[in-house]
Every structure is written in structure tokens, then in C-alpha cells.
Amino acid sequence: MAEGIAMPPDGLGQNRRPAAFARGWQRFKRNRRGYISLWLFLVLFALSLAAPIIANEKPLLMQYKGQVLFPLFKDYPETHFGGDFATPADYTDPYVIDLIEQDGWVIRAPIPFSHDTIDYYNEHPNPAPPSARHLLGTDDRGRDVAARLIYGFQVSVLFALALTAIGTAIGVLAGAVQGFLGGRVDLAFQRFIEVWGALPELYLLIIFASIFEPSLLLLLVLLALFGWMGLSDYVRAEFLKSRNLDYVRAARALGVSGPRLMFRHLLPNAMTPVVTFLPFRISGAVLALTSLDFLGLGVPPSTPSLGELLAQGKDNIDAWWLSVSTFFVLVGMLMLLIFIGEGTRDALDSRRG
């Protein structure tokens with residue numbers, strides 16, 4: 001509960017919530033490790049969202065014969081620059097770049113390769129070790145590892161956020177209904193959860209992966225079907241504890257409707273465990289996606305994935321840069337999320353003053 005106080009169903013309780021949030025934020029800021037981790041994670045996430053500007057084989061901006069062109073948003077044929085083919089220009093080809101620079105200039109991304117760009121002009125066989133051309137080397141198909149790590153970070157975080165949001169919404173709703181109604185509804189729901197939780201999740205993922213084409217959407221739906229049960233228990237316990245408090249009985253006597261009482265007055269007091277577990281649920285979703293990709297049950301091979309890079313590192317033991325770079329990115333991300341979770345837990349603990 002916010003500040004350990006059951007908020008009454010009147011305007012006074014509504015006014016206390018911003019003050020409680022402000023005090024919790026101040027306690028979170030005093031946890032330097034969690035506060036710094038939050039800002040580092042937000043900066044890294046923002047940079048990953050700008051991945052097309054940071055890592056892309058297409059120039060960000062160029063001028064050719066007095067024309068200002070934006071290849072990032074529009075494809076130009078090679079013949080537009082005096083080449084021989086009417087196909088879209090390959091900006092990794094030194095010949096094309098030389099044609100452009102004869103009558104103009106090019107501004108390229110810091111990493112001139114996207115996550116799916118195969119470098120056919122690299123001097124080293126794939127997987128190539130780190131070099132000036134590829135700072136973290138290439139994978140077994142000639143794709144830049146640094147670019148795949150940036151895009152893989154983006155995919156992992158967005159997937160984890162979506163899975164956490166869906167699982168939290170289902171878990172909160174299920175726990176609220178069980179705890180508020182109680183009785184036979186609660187008993188029947190608990191038996192359903194016991195049966196549903198006993199289903200072999202990994203085997204179901206293997207079966208669906210063999211039937212349907214792997215995709216992020218399919219993986220998100222399957223994991224969301226099982227990811228809500230742990231959180232619903234905490235919300236159910238909070239509702240069972242609060243449903244017989246004096247202010248709840250008074251609200252019922254005054255004619256407050258069940259949904260209004262449930263979501264406006266009881267739910268805010270039951271959100272403390274939900275908010276506390278959010279960073280840990282995000283890190284668990286990242287680990288789930290990485291593990292399934294490592295086993296080949298996750299996203300399609302063309303999708304940038306940290307798990308797929310780890311699998312390549314296992315298959316290419318001599319290419320140490322694949323495993324080491326992915327390991328540091330994954331461990332760093334999970335450490336930041338865990339530190340944020342610890343800071344959130346301490347901030348919501350009113351006993352810490």
C-alpha cells in the first residue's frame with residue numbers, strides 16, 4: 001500500500017496519492033545505484049530507438065550534382081549516380097560511393113551497416129574479427145555485430161515492455177476479480193490457475209513453433225498466456241485483505257458500485273507489489289526471449305536477437321567476439337533492470353522513512 005495507509009473512498013484519498021508518489025520518488029532518488037541505473041537504461045533505450053541513425057548502410061544525407069538526397073527515406077537506383085544497374089544503389093559498394101563523391105558528398109551513419117547488411121567487401125573471412133571496418137567483428141554471415149547488438153537491444157526491450165504490459169494487465173484484472181468477489185468465484189479461478197499453470201509451457205512453444213511460422217507476435221501471445229499468473233496472486237491477496245476494511249463497508253453502504261470501488265479505491269492500494277515487480281518482470285521477459293532465441297524457438301533468423309548471437313558464439317568457439325560482446329550487453333542490461341527494481345522496492349517501503 002502507498003505509505004502503508006488504506007486510502008478512504010473520498011476526495012481525501014485522491015489528494016494523498018500525488019504526495020505519496022512524491023515521497024516515494026524522493027526515496028528512489030536517494031538510492032543512487034537505482035537512480036543512476038534508471039537514467040543509464042533510459043539513455044541506452046533511447047539510443048537503441050535511434051538505431052536507424054546510428055547503424056545503417058544507407059547514408060543519412062548526401063549531395064549529388066547540387067541535389068540534396070535522403071537515402072534513409074527514399075531508394076535511388078544506381079543509374080541515378082552514373083552506375084550500370086537500375087536496382088537500388090548498394091552503398092556498401094566502394095564503386096558506388098566513389099561515383100557519388102565525384103560530384104558530391106556523403107554523410108554516413110557512425111556504423112555504416114544495418115543489422116541485416118551483409119558485407120561482401122570485407123577482407124577477412126566470416127566470422128571476421130574486430131577491425132577498423134567492424135569494431136566488434138562480424139557474425140558467420142558477414143553482418144556487423146555492433147549493429148546487431150544495437151537492434152537486438154531495441155527488440156529485446158520493446159518485446160519485454162509489451163509482454164510485461166500485457167501480463168500485468170491480465171494479472172491485475174484476474175487478481176482483482178478474485179479478491180473482490182471471493183467465495184465460489186475465487187475458488188473456481190484458483191482451480192483454473194492450478195490447471196493452467198500445470199501445462200508444459202516449453203512443450204507448447206515447441207509445438208506452436210513447428211506449426212506456425214516463428215514471429216514476435218506469436219511469441220508474445222504464447223508467453224503472455226502464462227506470464228500473468230504469478231502477479232495475480234499478489235493482487236488477489238491485497239484485495240482479500242482490503243475488501244473487509246471499514247471504509248470499504250461504508251462505501252458499499254453508501255451505494256458505491258462494485259467496479260468503481262474495485263478500480264478507483266481498492267486497486268491503487270494494491271499496486272505496490274505490481275510496481276515493485278515491474279523491473280524484475282521486464283528482466284525476466286528479456287531472459288525468456290534470449291533463451292528461446294538461443295534454442296531456435298524464438299524470432300525468425302532475420303530478426304536481430306541477442307539469443308541468436310549467443311547461439312552463433314556457441315557454434316563458432318574461435319569467434320570469441322560474438323559471445324563476449326553479447327554477454328556484456330545482456331549482463332549490463334539485466335544489472336540495470338535489477339538495480340532499478342531494488343530502488344523501486346526500497347522507495348515503496350514506507351518503513352524506510
Side-chain angles (χ1 to χ4, degrees), residues 1-10 13-14 17 20 160-208 218-285 287-288 341 344-345 348-351:
M1 295 183 185
E3 295 297 310
I5 300 174
M7 296 179 184
D10 55 12
Q14 305 300 328
R17 287 166 194 157
L161 291 176
L163 180 59
T164 301
I166 296 173
T168 300
I170 298 175
V172 168
L173 180 61
V177 171
Q178 290 179 80
F180 185 77
L181 298 180
R184 294 182 178 180
V185 174
D186 183 30
L187 184 64
F189 222 116
Q190 285 297 103
R191 301 291 81 78
F192 168 76
I193 290 178
E194 291 175 1
V195 174
W196 190 255
L199 294 177
E201 183 178 354
L202 182 59
Y203 290 136
L204 289 176
L205 286 171
I206 295 174
I207 292 172
F208 279 103
L218 175 63
L219 198 60
L220 181 65
V221 171
L222 292 177
L223 292 179
L225 289 176
F226 295 92
W228 58 271
M229 290 180 288
L231 191 61
S232 67
D233 293 337
Y234 294 98
V235 179
R236 170 179 172 268
E238 293 291 333
F239 268 75
L240 287 173
K241 182 171 61 176
S242 303
R243 65 195 294 261
N244 292 320
L245 294 177
D246 291 339
Y247 80 86
V248 177
R249 294 179 178 178
R252 290 180 185 272
L254 291 173
V256 178
S257 63
R260 179 184 176 88
L261 181 59
M262 181 190 303
F263 293 106
R264 185 173 181 180
H265 302 297
L266 285 177
L267 184 59
N269 290 320
M271 289 300 290
T272 296
V274 175
V275 176
T276 302
F277 280 108
L278 282 181
F280 300 106
R281 292 181 66 85
I282 293 174
S283 62
L287 279 177
T344 305
R345 180 192 60 198
L348 295 176
D349 187 357
S350 58
R351 295 170 299 178

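As the structure is a computational prediction, the values presented were derived from the model and not from experiment.
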Q: Take F239 and V177, measure what side chain to side chain contact (heavy atoms under 4.5 Å, CB included) needs, and give me the verdict at the end.
A: CA-CA 9 Å; F239 268 75; V177 171; over 6 Å; no

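When all heavy atoms of L163 and A285 are compared, the pair lying nearest together is CD2-CB, 3.7 Å. Taking every heavy atom of both residues into account, G179 and L240 meet most closely at O-CD2, 3.5 Å.
With sequence neighbours excluded, the residues forming a side-chain contact (heavy atoms from CB on, under 4.5 Å) with I207 are I211, listed by chain and number. Scored by the ring-ring contact (aromatic ring centres under 6.0 Å, His included) test, F277 finds Y234 as partners (sequence neighbours excluded).
Among residues at least two apart or in separate chains, side-chain hydrogen bond (donor to acceptor under 3.5 Å, both in side chains) pairs with a member in residues 171-192 are D186-R236, R191-E194.
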Side-chain donor-acceptor pairs under 3.5 Å in residues 218-233, sequence neighbours left out?
{"unit_1": "W228", "atom_1": "NE1", "unit_2": "L225", "atom_2": "O", "d": "2.9"}
{"unit_1": "S232", "atom_1": "OG", "unit_2": "M229", "atom_2": "O", "d": "2.7"}

Residues 164-172, side-chain donor-acceptor partners within the protein, below 3.5 Å, at least two apart:
{"unit_1": "T164", "atom_1": "OG1", "unit_2": "A160", "atom_2": "O", "d": "2.7"}
{"unit_1": "T168", "atom_1": "OG1", "unit_2": "T164", "atom_2": "O", "d": "2.6"}

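To the nearest 0.5 Å, atom CG of residue L278 and atom CG of residue L161 are 10.0 Å apart.
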